[in-house]
Amino acid sequence: MVDPSPPSNRAAACSPLEQEVLDEYALLLSNLNKLSTVLSSLAERPTAEVVDGLRMLERKTSLVCTLLKASVYSIVLQQQIYGGDEGEGPRQGQGQGQ
């Protein structure tokens, strides 16, 4: 049943926790409305255009992943060169002709 009193009176009747929950529901409603708008605009666009956009995103994502891997590899190598593995012999299975 809907409360017929004005919103200001309802807010005064709620505890702070109840008001916080209501505010979160209002935010959720706003986010779902935005999502609905975006999805409807995507549904109106031709499929080929959406697929091309996803391909471009996939290429960019794979490039970022590759660059991240290269950066991590470079950091690991620098740590090994500048004191990370000083005094350690070759690891088992490496450098022993295996």
Side-chain angles (χ1 to χ4, degrees):
M1 183 175 200
V2 177
D3 187 359
S5 62
S8 60
N9 292 343
R10 281 185 284 182
C14 294
S15 71
L17 180 60
E18 290 172 330
Q19 187 59 45
E20 189 176 334
V21 169
L22 290 174
D23 292 342
E24 288 297 322
Y25 273 119
L27 181 62
L28 177 62
L29 176 65
S30 171
N31 288 338
L32 287 174
N33 285 336
K34 289 177 188 175
L35 179 63
S36 175
T37 303
V38 169
L39 289 176
S40 66
S41 72
L42 281 176
E44 292 170 359
R45 291 171 47 188
T47 306
E49 186 179 334
V50 173
V51 170
D52 289 341
L54 289 174
R55 279 192 193 112
M56 180 69 75
L57 179 63
E58 182 181 22
R59 277 189 230 121
K60 289 178 181 179
T61 304
S62 65
L63 176 62
V64 167
C65 183
T66 302
L67 291 173
L68 179 65
K69 286 179 182 178
S71 297
V72 169
Y73 184 70
S74 173
I75 290 169
V76 169
L77 282 178
Q78 285 178 358
Q79 287 177 346
Q80 288 176 353
I81 291 171
Y82 296 115
D85 284 345
E86 286 182 4
E88 287 186 15
R91 294 185 178 145
Q92 187 176 14
Q94 294 180 347
Q96 299 292 328
Q98 293 177 343

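The shown structure was predicted, so the numbers you read here are calculated from the model rather than taken from an experiment. We number each residue from 1, following the sequence as shown.
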About how many Å separate [atom2] of [Y] and [atom1] of [X], when rounded to the nearest 0.5 Å?
X: Leu57; Y: Ser62; atom1: CG; atom2: OG; answer: 9.5 Å
X: Lys69; Y: Cys65; atom1: NZ; atom2: SG; answer: 4.5 Å
X: Cys14; Y: Glu20; atom1: SG; atom2: CD; answer: 12.5 Å
X: Leu35; Y: Leu39; atom1: CG; atom2: CG; answer: 4.5 Å
X: Tyr82; Y: Leu77; atom1: OH; atom2: CG; answer: 11.0 Å
X: Met56; Y: Glu58; atom1: CE; atom2: CD; answer: 11.5 Å

Query - Cluster check Leu63, Tyr73: I/L/V/M/F/W/Y, side chain < 4.5 angstrom - result: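 Per the 4.5 Å side-chain linkage, Leu63 and Tyr73 are not co-clustered.
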Query raised in the report: Do the side chain of Ser30 and the main chain of Ala26 share a donor and acceptor less than 3.5 angstrom apart?
Result: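 No: the side chain of Ser30 does not pair with the backbone of Ala26.
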Query - N/O donor-acceptor pair under 3.5 Å between Ser71 side chain and Leu67 backbone - result: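 A pair under 3.5 Å: yes.
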Requested in this report: Quick one: closest heavy-atom pair of Ala13 and Glu18, and the distance?
Outcome: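 Smallest interatomic distance, heavy atoms only, reads O-OE1, 4.4 Å.
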Report task. Mind listing the closest non-hydrogen atom pair of Leu42 and Val50 along with its distance? Result ->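 In terms of heavy atoms, the two residues are closest at O-CG2, 4.1 Å.
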Query raised in the report: Would one find more than 12 heavy atoms of other residues, nucleotides or ligands at under 6.0 Å from atom CD of Glu49?
Result: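 Count over threshold, so yes.
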